[in-house]
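The structure appears below as structure tokens.
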Amino acid sequence: MNSKSTPFFADRLFLVTALLMLVGAVIYGSLASVYYIAPDFLKNNLGFPQLRPLHVTSVVFWILMAASGGVYRSYRDVKINNLIHSMALAHYVIWFVAMVIIFTSYYRGIFGGREYWEFPPQYAGFIAAGWLFFLISYLLVYASKPQWSVYHWMWLTGIVCFLITFCENYLWVFPFINKDAVKDLTIQWKSNGSLVGSWNQLVYGLAFYLMERISGDKQTARSGISFAMYFLGLFNLMFNWGHHIYTLPTAPYVRIISYAVSMTEWIIFLRIIFLWKKTNASAGKPARRISFDFLNSSDHWVLLNLFLALLMSIPAINIYTHGTHVTVAHAMGTTIGINTLILLGVSSEFLKGSCNETDSYPVLRRWLTILNICLGTMLLSLLVVGVLKGIWQMNPVQSSFQQMMLSFRPYFIAMFCAGIGLLIAITGTCVVILRTFILCYTRKKVPGYGFSSLMKEG
Amino acid sequence: MRFTVKIGILLFLVCSFVMYSFHLYTSNHSLKKTALLGDAALEGKIIWQQNNCQSCHQFYGLGGYLGPDLTNVYSTKDNGTGYIGIMIKNGTKTMPAFKMTETEIEKVTEFLRCMDQSGKADPRNFKATVSGDIKCKDE
């Protein structure tokens, strides 16, 4: 590290805040899931219209802040000067202000009212401004670096595409989009789909970066197949969003293009992981390294979600799954099973500094096992509900919506219980990671954790 | 992979993306012209958004999962315009009662009428083809 004066700590600020956001996300998610079994729970105090954006926004901030923290962490490998540090801090401060404003607005019942990540458009300026600092700092750090690995390309793509699609998401404020209901929905889901693709580029880039650090293999991230995967991912980011709107009365080419592009991105990603594991197997599994276990665990969820995504991208099947909890299962599977596990790996690896984490390994390993079991249970219950709703919505003689929802109650109870399990497992994981960080940072040695070496970086 | 090849692929993808996006922004790709919202419907849409109705309800299967899809609630048999107003004012066991004025309810109803005119959301209107694609039964 080439720090000239003040130590660089912005990456850790991002990672710690991200973990707190993750805890908030599972708390809000658990509260929201109560509505499926006790519909009048908190109805007139903290209603579902408030809980859903609170949950989604916490999740999005978790992903974006942890991903940003991971990328900022990589700056330590190259160069950091005061300007870069100031930019990273400016990004953090602007986003922190934005978070306070956005969460307060939800509690006060002020909404943007759009689908997915929503808040009033005037707050979007904060998010874009902070991200602009991120982009500029990234270019200042990496523009002059020769021979970029694939993760450098993925990070830059993620940062640039996020900015574009985030702005695109607000085109609805212009009458030429807002007045046309179908065009508005088309553009909204075009930008939402690509927005997710953008942060996926950041997260998968971090997975590559982490793999490289764990295995010591620098060739995989520079291989032709890795770049082929990257370009296929970018191709999907740009054109594979139409599966959200197959049933929308828009021009058929929107559906056909998306169907043709399909979800090949996952196949290549899986191939890369497989190649990396082969390399790793020959080198031997790293002893008691929790970040490896998080990455390894995400592999299994990639497989399940690949299968689900491929099925859902076929229009003939999509008409059964669209608008059902199968879509929710896919969203949960990718967000928790893939993004969250990778980012927990990133957080645990980079927050411990050079501490020896061996003693916290069994605790984290146990939480990971519980997390996987609960996630599996939740996805199973959501898939059953989704399939049953799919059958209901294609049935020529339908019972009422209320009757249909009531008949799913046992599965919603299973989903709720799994959600509580996830709340405990994820909170437990975050507490151990944060405790490790605090212990390292304050240079204390506490019985049962035994951190022998202290933070030497930054 | 050579740097020039990477840049070439990147430029091709970026140009394609820009052209496709521009086309989607500017062309009229809605299958029905009736999808255009008038002033009252636009105001109704704002009220819809301010109350975050989308968190529970869907249009064309897009939105929340706690309440039903409302794309064609306006024309659903036995419902009608009065039904929408009653639901907004009184709520249900799950849905809170919204304190809206009669004018606001009329605007939301007009917005829902326009959404209803834009097309049919019921997946039973589609049939699968051998290629795995779907076709609207009305076509």
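Residue numbers start from 1 in every chain, and the chains themselves are labelled A, B, ... in the order their sequence lines are given, proteins ahead of strands.
Within the 4.5 Å cutoff, side-chain heavy atoms of A:Arg114 are placed close to those of B:Gln49. Between B:Ser21 and A:Met238, the closest side-chain pair of non-hydrogen atoms is not below 4.5 Å. Proximity of A:Ile319 to B:Arg124: side-chain heavy atoms (C-beta onward) are nowhere separated by under 4.5 Å. In this structure, the side chains of A:Trp153 and B:Leu10 come closer than 4.5 Å at one or more pairs of heavy atoms. Using a 4.5 Å cut-off on side-chain heavy atoms (C-beta onward), B:Ile9 and A:Leu234 make no contact. When side chains are defined from C-beta on, A:Lys183 does not count as touching B:Leu36, because their heavy atoms never get closer than 4.5 Å. Inter-residue side-chain proximity for B:Pro123 and A:His322 is flagged as unmet; no heavy-atom pair is nearer than 4.5 Å.
Residue A:Thr247 touches chain B through both its backbone and its side chain, counting heavy-atom pairs closer than 4.5 Å. Using a 4.5 Å cut-off between heavy atoms, B:Phe17 contacts chain A through both its backbone and its side chain. When heavy atoms are compared at a cutoff of 4.5 Å, B:Tyr25 approaches chain A by way of both its backbone and its side chain. Residue B:His57 does not touch chain A at all, counting heavy-atom pairs closer than 4.5 Å. Using a 4.5 Å cut-off between heavy atoms, A:Ile110 makes no contact with chain B at all. For B:Leu42, the part lying near chain A is the side chain, with the backbone staying farther off; criterion is any non-hydrogen pair under 4.5 Å. For a residue to count as touching a neighbouring chain, one of its non-hydrogen atoms must lie under 4.5 Å from one of that chain's; by this rule A:Tyr35 touches chain B with backbone and side chain alike. Interface residue A:Arg255: only side-chain heavy atoms are found under 4.5 Å from chain B. Contact of A:Val254 with chain B is made through backbone and side chain together, with heavy-atom distances under 4.5 Å. If you measure heavy-atom distances from A:Ile257 to chain B, the contacts under 4.5 Å come from the side chain alone. Contacts of B:Gln58 with chain A are made by side-chain atoms alone, with heavy-atom separations under 4.5 Å and no backbone atom involved. Proximity to chain B (any heavy atom under 4.5 Å) is restricted, for A:Met405, to the side chain, taken from C-beta onward. For B:Val5, no part lies near chain A; criterion is any non-hydrogen pair under 4.5 Å. With a 4.5 angstrom heavy-atom cutoff, B:Asn51 touches chain A only via backbone atoms. A:Glu118 touches chain B through its side chain: at least one heavy atom from C-beta onward sits under 4.5 Å away, while N, CA, C and O do not. With a 4.5 Å cut-off on non-hydrogen atoms, B:Ser131 touches chain A through its backbone but not through its side chain.
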If you apply the rule side chain to side chain contact (heavy atoms under 4.5 Å, CB included), what do you find for A:Phe239 with B:Ser16, and how did you get there?
CA-CA 9 Å; A:Phe239 303 104; B:Ser16 309; 3.7 Å; yes
Can you list the steps and then say if B:Asp122 with A:Met394 is a side chain to side chain contact (heavy atoms under 4.5 Å, CB included)?
CA-CA 8 Å; B:Asp122 191 336; A:Met394 296 302 273; 5.8 Å; no
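Contacts from residues 60-67 of chain B to chain A, taken as heavy-atom pairs separated by less than 4.5 Å, involve B:Tyr60, B:Gly61, B:Leu62, B:Gly63, B:Gly64, B:Tyr65, B:Leu66, B:Gly67 in sequence order. Proximity to chain A among residues 95-108 of chain B is limited to B:Met95, B:Pro96, judged by heavy-atom separations below 4.5 angstrom.
Shown here for B:Ser27 and A:Tyr253, the closest heavy-atom pair between the two residues is OG-OH, 4.0 Å. Taking every heavy atom of both residues into account, B:Gly119 and A:Pro249 meet most closely at CA-CG, 4.3 Å. Scanning all heavy atoms of the two residues, the minimum distance from B:Cys56 to A:Phe48 falls at SG-CD2, 3.5 Å. Of all the heavy atoms in A:Pro49 and B:Asn52, the pair that sits closest is O-ND2, 2.8 Å. Across every non-hydrogen atom of B:Ser118 and A:Val182, the tightest pair is CB-CG2, 4.0 Å.
Legend: residues meeting side chain to side chain donor-acceptor pair (under 3.5 Å) with B:Thr92, ordered by chain and number and at least two apart, are absent. Taking the salt bridge (Lys or Arg N to Asp or Glu O under 4.0 Å) definition, one finds that A:Glu115 meets it with A:Arg52, sequence neighbours left out.
Most heavy-atom pairs under 4.5 Å with chain B, from the set A:Ile177, A:Ile245, A:Leu171: that is A:Leu171. In terms of heavy-atom pairs under 4.5 angstrom with chain B, the leader among A:Asp184, A:Ile317, A:Leu51 is A:Asp184. Counting heavy-atom pairs closer than 4.5 Å to chain B, the top residue among A:Ile314, A:Asn318, A:Thr324, A:Thr327 is A:Thr324. Across A:Tyr320, A:Trp148, A:Trp189, A:Tyr246, the residue that shares the most heavy-atom pairs under 4.5 angstrom with chain B is A:Trp189. With respect to chain B, the highest number of heavy-atom pairs below 4.5 Å among A:Pro396, A:Ser194, A:Gly109 belongs to A:Pro396.
Checked by atom type and distance alone, the side chain of A:Asp40 never pairs as donor or acceptor with a backbone atom of B:Lys93 at under 3.5 Å. Distance alone, capped at 3.5 Å, places no donor-acceptor pair between the B:Lys6 side chain and the A:Phe231 backbone.
Within the model, atoms CZ of A:Phe111 and OG of B:Ser55 stand 7.0 Å from one another, a figure rounded to the nearest 0.5 Å. Note that the CG atom of B:Asp39 and the NZ atom of A:Lys179 stand 5.5 Å from one another [nearest 0.5 Å].
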